[in-house]
Trainee: 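Here it is, the structure, as structure tokens.
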There are 2 protein chains.
Amino acid sequence: MKDGPDIARIAALIGDPARANMLTALMSGKALTATELAAEAGVTLQTASAHLAKLEEGGLLHMRRQGRHKYASLASDQVAETLEALMGLAAGTGHLRTRTGPRDQALREARICYDHLAGDMGILLYDRLLAQGWLTDDPEFPVITDDGAARFTTLGLDIPALQGARRPICRACLDWSERRSHLAGGLGQALLDLMLVKGWARRLPDSRVIRFSPTGKTAFHRAFPAMD
Amino acid sequence: MKDGPDIARIAALIGDPARANMLTALMSGKALTATELAAEAGVTLQTASAHLAKLEEGGLLHMRRQGRHKYASLASDQVAETLEALMGLAAGTGHLRTRTGPRDQALREARICYDHLAGDMGILLYDRLLAQGWLTDDPEFPVITDDGAARFTTLGLDIPALQGARRPICRACLDWSERRSHLAGGLGQALLDLMLVKGWARRLPDSRVIRFSPTGKTAFHRAFPAMD
DNA sequence: TTCATAGTTCGATCGTAGCCGAAGCATTGG
DNA sequence: CCAATGCTTCGGCTACGATCGAACTATGAA
């Protein structure tokens, strides 16, 4: 009867609408304050505080006090992945009730997933990196090839620094809209940062949507071409 | 605020202990009757009936009437995957409260995940298939090579029949105990069936545990050797 | 037909968890 | 020091949903 871990405990944590909204907001990867999350969830600060305490106690969030602010962020990539899996299910089993509005369309095209690029563009990036042989294709932890390391360095990334970090540099992450893999981990984050810094794309305010400019797309295709 | 699909709806479905127990039981891959599930969840038949209705309405279960019995099974591989993801989280964030008993140990070694082999043995199988070059290493949908097809046919599988089915023949599935991939999909199911039929292993009653016999393990290593 | 088993529907009960108002700490800035 | 802002704690209200007993329907067996 009691096979495996206590799945109900954390599913119940995610199952409350207010908490689910908070978690979804945190999928943007940014750490948010309690007040911001309260607004996001549509509840008062008191109830938000209670929710945050439960989420931290449950191991889903990581809290950091900074001055008189309290910042919350997802506890790990694993949490983000689980949320994406749930989104995939919800998108699929939703009785066509989730008609895809224009906002939703933009989400499918390019969005931030925790801290890296997801959606059509995220998958495209991952495919291109594989096609060029800059990454080996592991189902969970791809590895950077020598070719790839050289290329990333040319683009301005500090690969040794990334490799020194505790966090896995490469990680495959499943996409809820496309049900395919895209690149997460330190490298995924660094690449997205790069694109934002170079002005290829920008984040829409208060949303997970990432909008590529026409010139940005061109630059993307030149930097990550389809084949050798 | 309302980014993406309604994640709370289905998380709440999974979040009830009774329903979570039912879903966990169904991870065995077998279709179970309402009465069996009621026993599994520790509730009366009436409440079980209500839960099953909700789970079906929510798109997590697929129901099939057969005579005066009503069989429930997971609606899709995707549901099973999401449950595994939740188990991974629950195992990790559990405050050391889930001390690994002997039963748990057996689960980690070899268990059934929906309808295919998971745990240490599942990962070992997947690695060996890759090492032999019988499968290409795709993060989500590996492909059977010609070598592999020949090998599987020798073992007694009907590859063309599997390829004809609607279901994806190969699929990588993430393991909650090991956080690595193992083989799901039609091929994963067929291989597990094969091992059970050949008597290499057997299922423990009322559990997801799969026990390999000593001779079975030997046969396994001979059929799927470490390197060429 | 009659009986037994499987499952459903209804109604009532009861807990729990979400919610907010108000008051209480804590940190920063003047 | 005081005032303002960010967050927490407390208490009480409310509502939703899980649960079960009892009565009802449906299928199968004798």
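Every chain is numbered from 1, with letters handed out A, B, ... down the list of sequences.
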Trainee: Could you give the start and end, 5' to 3', of the contact zone on DNA chain C for chain A, using atoms under 4.0 Å from its heavy atoms?
Mentor: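 Listing 5' to 3', DNA chain C meets chain A from C/dG18 to C/dT28.
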Trainee: Nearest 0.5 Å, please: how far is NE2 in A/His62 from CG in A/Leu74?
Mentor: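 Spacing of CG (A/Leu74) from NE2 (A/His62) equals 11.5 Å.
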Trainee: Does any N or O in the side chain of B/Gln78 come within less than 3.5 Å of the main-chain N or O of A/Gly88, such that one atom is a donor and the other an acceptor?
Mentor: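 Yes, the answer is positive, given that a donor and an acceptor are paired below the 3.5 Å cut-off.
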Trainee: Going by atom types only, do A/Ser49 and A/Gln46 share a side-chain donor-acceptor pair under 3.5 Å?
Mentor: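 Judged by distance alone, the side chains do not pair up.
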Trainee: Expressed in angstrom and rounded to an integer, what is the separation of A/Lys54 atom NZ from D/dT8 atom P?
Mentor: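 Rounding to the nearest Å, NZ of A/Lys54 and P of D/dT8 are 14 Å apart.
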Trainee: Atom pairs, N/O to N/O, protein against nucleotides 26-30 of chain D, distance under 3.5 Å?
Mentor:
unit_1, atom_1, unit_2, atom_2, d
D/dT27, O2, B/Arg68, NH1, 3.4

Trainee: Through what angle, rounded to 10 degrees, does the axis of the helix from C/dT1-D/dA30 to C/dG30-D/dC1 turn between its ends, using five pairs per end?
Mentor: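 The end-segment axes of the helix from C/dT1-D/dA30 to C/dG30-D/dC1 are tilted 20° relative to each other.
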Trainee: Which pair of non-hydrogen atoms, one from B/Arg9 and one from A/Ala90, has the smallest distance, and what is that distance?
Mentor: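 B/Arg9 and A/Ala90 have their closest heavy atoms at NH1-O, 4.4 Å.
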Trainee: So how far is it from A/Arg211 CZ to A/Lys217 NZ, rounded to the nearest 0.5 Å?
Mentor: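 It comes to 10.5 Å.
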Trainee: For A/Lys54, check salt bridge (Lys or Arg N to Asp or Glu O under 4.0 Å) against everything at least two apart and list the hits.
Mentor: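 Checked A/Lys54 against salt bridge (Lys or Arg N to Asp or Glu O under 4.0 Å); zero matches.
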Trainee: Between A/Arg111 and A/Glu84, is there a salt bridge with N-O shorter than 4.0 Å?
Mentor: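 Salt bridge: yes.
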Trainee: For A/Ala20 and B/Ala8, which heavy atoms make the closest approach, and how far apart are they?
Mentor: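 Looking at all heavy atoms of both residues, the closest pair is CB-CB, 3.5 Å.
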Trainee: Kindly say whether A/Thr33 contributes a backbone atom to a donor-acceptor pair with the side chain of A/Glu36 at under 3.5 angstrom?
Mentor: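 Yes, because the side chain of A/Glu36 sits within donor-acceptor range (under 3.5 Å) of the backbone of A/Thr33.
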Trainee: Name every residue in residues 44-52 of chain A that has at least one heavy atom under 4.0 Å from any atom of DNA chain D, in order of residue number, or write none if there are no such residues.
Mentor: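 Heavy-atom cutoff 4.0 Å gives A/Leu45, A/Gln46, A/Ser49.
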Trainee: B/Leu55 has an atom CG; how far is it from atom C1' of D/dG17, in whole Å?
Mentor: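 Nearest whole value for this atom pair: 14 Å.
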Trainee: Might you point out which heavy atoms bring B/Gly59 and B/Ala75 nearest each other, and give the distance in Å?
Mentor: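 Closest approach of B/Gly59 to B/Ala75, heavy atoms only: O-CB, 3.4 Å.
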Trainee: Within this structure, what is the CG-to-P distance between A/Leu32 and D/dG6, rounded to whole angstrom?
Mentor: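 After rounding, the reported distance stands at 15 Å.
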Trainee: Tell me, please, which residues at least two apart from B/Ala72 pass side-chain contact (heavy atoms from CB on, under 4.5 Å).
Mentor: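 side-chain contact (heavy atoms from CB on, under 4.5 Å) list for B/Ala72, sorted by chain: B/Leu26, B/Leu37, B/Leu52, B/Leu61, B/Met63.
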Trainee: So which atom in B/Arg19 and which in B/Ala12 form the shortest heavy-atom distance, rounded to 0.1 Å?
Mentor: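 Closest approach of B/Arg19 to B/Ala12, heavy atoms only: NH2-O, 3.4 Å.
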Trainee: Taking all atoms of both residues into account, what is the closest heavy-atom pair of B/Phe220 and B/Phe212, and its distance?
Mentor: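 Shortest heavy-atom separation between B/Phe220 and B/Phe212 comes out as CD1-CE2, 4.2 Å.
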